[in-house]
Number of protein chains: 2
Amino acid sequence: MSENDAGQIKPFSQITQHDVARLANASQAAVSRVIANNGYVASDVRQRIEDAAEQLGYRPNPLARGLTKGQSNIIAVVMADIINPFYPIALDALTDAIQRSGREVLLFNAAHHQTVDDVIPAVLKYRVAGIIITTALLSSKAAEMCESMNVPVVLLSRHSQRSESFVVRCDNQLGATQAAQLMISGGCKRLAYIGGRPNSSTNTDRRVGFVSAVEKAGLAPVTVIEEIFDYRWGMDATAALFADVPDIDGVFCGDDVIAFGALDCLRFKLGKRVPQDVSVVGFDDVPSAAWSAYDLTTIRQPLELMVEKTLEFITSTDPRAPRVHTIPGELIRRSTVREPLLKA
Amino acid sequence: MSENDAGQIKPFSQITQHDVARLANASQAAVSRVIANNGYVASDVRQRIEDAAEQLGYRPNPLARGLTKGQSNIIAVVMADIINPFYPIALDALTDAIQRSGREVLLFNAAHHQTVDDVIPAVLKYRVAGIIITTALLSSKAAEMCESMNVPVVLLSRHSQRSESFVVRCDNQLGATQAAQLMISGGCKRLAYIGGRPNSSTNTDRRVGFVSAVEKAGLAPVTVIEEIFDYRWGMDATAALFADVPDIDGVFCGDDVIAFGALDCLRFKLGKRVPQDVSVVGFDDVPSAAWSAYDLTTIRQPLELMVEKTLEFITSTDPRAPRVHTIPGELIRRSTVREPLLKA
DNA sequence: TTGAAAGCGCTAACAC
DNA sequence: GTGTTAGCGCTTTCAA
């Protein structure tokens with residue numbers, strides 16, 4: 001607007017602590033102290049500085065701050081399967097919580113051409129305040145890198161014995177056990193498990209929980225088939241399963257998306273009635289599980305609590321505190337499991 | 001391993017250009033030149049530097065680089081409706097493309113407590129190389145901020161007349177027109193539109209395209225009902241619609257998720273057959289549209305092309321190039337629209 | 001071609 | 001309490 005220095009308005013946020021200091025008649029260091037809220041500064045000076053900052057529209061430059069402190073205000077989220085509907089909900093909750101805590105989210109997609117291990121170096125360059133990994137595990141080499149840079153890592157919804165990472169997860173075994181009990185009490189005799197990625201902890205825990213609960217009940221052993229967490233697989237696996245073992249009357253699925261595929265195969269390809277002929281249970285409770293077309297009985301992951309604990313871990317300082325936090329899921333009964341006959 | 005300077009290994013990525021310079025017997029400035037690939041450096045020196053960098057596992061610090069250059073290697077993605085299944089696919093494609101171009105993604109969730117305008121200042125602090133906004137529009141004030149800092153903004157899947165932003169979008173009007181034609185050719189006479197957020201450009205464009213195509217065909221005017229892009233609304237709107245106008249035989253929905261709600265209401269609450277009694281068309285072609293339980297006829301947004309163009313815009317320099325890019329969608333015929341009777 | 005040197009905006013001793 | 005000063009790791013003149 002005005003063309004001289006007098007009324008000069010620098011483009012937004014090119015304003016530095018020097019500018020503020022000049023206007024407030026204080027040193028730049030003093031400005032730093034009040035902005036970072038760290039160190040002594042007389043209340044009248046503080047007031048002048050705050051006013052000046054306000055007036056100039058001062059915004060601290062996180063790049064500069066990160067450089068000097070050796071740590072940024074950024075939390076990295078590494079995700080490999082953004083498409084699977086569980087992850088968007090998780091991401092929504094995570095980003096919201098992180099932003100509310102005044103930090104920002106750097107998102108790394110570890111799908112397609114990159115693995116988690118590939119992206120870790122890129123993450124670390126940013127001197128992030130923490131790393132949240134969903135979906136896939138971390139090699140010990142990558143975990144060491146993080147540790148050597150003192151960056152806390154939390155594995156969300158993943159388990160891992162060996163690393164020093166924090167772990168926040170739903171109690172998958174317990175959930176699977178509940179699923180088994182529900183189906184068994186509904187009268188299922190011949191059960192199957194359609195799993196996702198075989199070597200993922202999520203899959204293993206769910207399988208183990210289910211298989212052992214069924215075993216404990218003295219039923220025929222569970223037929224297990226595992227490959228990947230997606231709809232297509234749920235469909236194909238179901239077809240294969242029933243071709244092999246036609247009298248299956250209950251299917252527990254590694255996640256909801258697999259269950260949707262199973263349900264559609266059962267109803268539209270195999271002509272089975274659910275739940276009369278076969279019962280189906282999923283895991284996660286993604287939004288579409290509640291849609292009428294599926295109305296899927298499933299185990300809900302306690303996402304709010306999981307996210308909360310995840311952020312706690314990131315900022316935790318006590319090295320002796322437990323590093324693994326397991327939260328029970330919640331059985332959501334809808335209409336894909338046969339109810340027990342009333343013994344009237 | 002060894003305890004002296006000789007074999008000393010600094011923790012990963014604490015290694016600076018100084019360290020590399022010392023090992024390569026060159027100046028730190030020279031190292032900068034080869035790393036940034038910018039400026040003259042003799043080939044033997046370059047070789048030594050590259051070897052040294054390799055050997056030490058040197059990684060440039062993006063915070064420092066960003067500070068000096070006044071621009072980071074980060075692209076911000078602002079998203080408000082991560083839950084709606086269209087956005088995860090978009091996000092997956094976006095993040096993958098951005099990472100492949102050697103940049104990183106800072107994700108801002110503009111839902112819950114924050115609007116797009118709220119997050120823009122936070123975005124700008126990071127001196128990002130560009131901002132990609134999905135889901136919601138930008139006030140002109142926020143747009144000015146971006147412009148004053150010389151940060152390109154692209155509105156993905158949004159339109160906006162007034163701002164200087166780039167726009168990449170699917171041709172919503174055309175898609176809606178195709179939907180109308182398909183339904184009409186299948187024999188629909190009494191059509192309705194169930195829209196999402198009334199003042200969003202996506203919604204408006206789709207409504208206008210549909211309404212005018214129906215009008216052009218000389219049919220009864222379209223009944224319009226709009227509120228929000230979600231499943232629940234699709235369900236409720238459908239119930240309300242048929243209570244009001246029972247003879248509707250074709251429903252075009254603002255997006256797939258609304259269509260899922262409509263479908264479920266029609267089938268499970270209203271006892272209608274789809275497509276025999278009423279035809280339904282969605283928009284987006286999210287993954288679940290292909291699932292057997294829905295098998296929804298819809299318009300696919302050309303996401304790959306949209307993402308590609310978005311990144312082109314971010315790096316474009318020609319100020320006279322057109323700033324709006326509209327790409328036609330693709331009609332995906334599945335089973336929710338009645339086929340025309342064959343006039344044999 | 002190359003190195004020295006001056007910052008980028010900020011934090012954190014360190015003296016006063 | 002406060003200002004001065006020395007960097008954080010990097011880019012970029014500017015001389016040599």
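Residue numbers begin at 1 in each chain, while the letters A, B, ... track the order of the sequences.
Checked against salt bridge (Lys or Arg N to Asp or Glu O under 4.0 Å), B/R33 has no partners two or more places apart in sequence or in another chain. For B/D117, the side-chain hydrogen bond (donor to acceptor under 3.5 Å, both in side chains) criterion is met by B/S139, not counting sequence neighbours. B/Y87 pairs by the ring pair (Phe, Tyr, Trp, His ring centres under 6.0 Å) definition with nothing, not counting sequence neighbours. With sequence neighbours excluded, no residue forms a side-chain hydrogen bond (donor to acceptor under 3.5 Å, both in side chains) with A/Q71. Taking B/R197 as the reference, nothing meets the salt bridge (Lys or Arg N to Asp or Glu O under 4.0 Å) condition, with sequence neighbours excluded. The salt bridge (Lys or Arg N to Asp or Glu O under 4.0 Å) search around B/R46 returns B/E50, not counting sequence neighbours. Remark: A/E312 pairs with A/K309 by the salt bridge (Lys or Arg N to Asp or Glu O under 4.0 Å) rule, at least two apart or across chains. Under the rule for a side-chain hydrogen bond (donor to acceptor under 3.5 Å, both in side chains), the partners of A/T115 that lie at least two apart in sequence or sit in another chain are A/D118.
Along DNA chain D, the stretch of nucleotides lying under 4.0 Å from any heavy atom of chain A spans, 5' to 3', D/dG1 to D/dG9.
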Summarise protein proximity over nucleotides 1-11 of chain C in one line of letters, 5' to 3': B for base, S for sugar-phosphate only, - for none, counting protein heavy atoms closer than 4.0 Å.
BBBB--BBBBB
Go through the steps for B/R48 and B/D51 under the test salt bridge (charged side-chain N to carboxylate O under 4.0 Å, His left out), then give the verdict.
CA-CA 5 Å; B/R48 287 207 313 275; B/D51 291 349; over 6 Å; no
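End-to-end axis angle of the helix from C/dT1-D/dA16 to C/dC16-D/dG1, from C1' rotation axes over five pairs per end: 40° (rounded to 10 degrees).
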Quick one: side chains of residues 98-105 of chain A, donor-acceptor pairs under 3.5 Å with protein atoms, not counting sequence neighbours, listed by atom name and distance.
residue : atom : partner : partner atom : Å
A/Q99   : OE1  : B/N109  : N            : 2.6
A/Q99   : NE2  : B/N109  : O            : 2.9
A/R100  : NH2  : A/D96   : OD2          : 3.2
A/S101  : OG   : A/I98   : O            : 2.7
A/S101  : OG   : A/R103  : NE           : 3.0
A/S101  : OG   : A/R103  : NH2          : 3.0
A/E104  : OE1  : B/Y126  : OH           : 2.9

